[in-house]
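In what follows, a single structure is set out as structure tokens and then discussed.
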Amino acid sequence: MGALVPAQLPAADRGSLRIADRVIAKIAAHAAGEVLSGAPGAELVPKEAEPHASVSVRKGPRNAARLRLTLELGYPADIGSVCGMVRRHVTSRVEALTGMEVPEVAVEVERLHSAVARSKQEGRVQ
């Protein structure tokens, strides 16, 4: 009768939740894709060129995840602006969905896809 029900236990005594690194990486890649689907030049990027993410999780008083994203972008576009939007959105989504702090999101642009290069590949040089 005197036992505490789980809702009455102090937070420190309830246990902890461990989110796998690969899950955090998938959340980050999906969040990047949300931004990139509406970015300028998005129609130039092949559908199979989805964003890739890797993550390293640091344990401490508060768990923190450092993310590295690899993207392909349409060109011409304001690359710095697009990367900044991706960085802010990914940070927000990962923090909201995992409860982890995200002190760093490194964004690497792996490839640019341009309309000019595509038309040359298709044999329509203007």
Would you be so kind as to tabulate the donor-acceptor pairs closer than 3.5 Å made by side chains of residues 22-34, with sequence neighbours excluded?
residue : atom : partner : partner atom : Å
His30   : NE2  : Glu34   : OE2          : 3.4
Glu34   : OE1  : His89   : NE2          : 2.6

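Minimum interatomic distance between Pro46 and His113 (heavy atoms only, all atoms of both residues): CD-CE1, 3.4 Å. Here the closest heavy-atom approach between residue Val102 and residue Glu95 is recorded as N-OE2, 3.1 Å. Shown here for Ala65 and Pro103, the closest heavy-atom pair between the two residues is O-CD, 3.5 Å.
Applying the salt bridge (charged side-chain N to carboxylate O under 4.0 Å, His left out) rule to pairs touching residues 71-92 yields nothing, sequence neighbours excluded.
Val107 is not listed as a side-chain neighbour of Val90, based on a closest heavy-atom distance of 4.5 Å or more.
For Glu104, the salt bridge (Lys or Arg N to Asp or Glu O under 4.0 Å) partners are Arg66, not counting sequence neighbours. Shown here are the side chain to side chain contact (heavy atoms under 4.5 Å, CB included) partners of Val109, two or more places apart in sequence or in another chain: Leu73, Ile79, Cys83, Leu112.
Atom CZ of residue Arg111 and atom OG1 of residue Thr70 lie 12.0 Å apart, to the nearest 0.5 angstrom.
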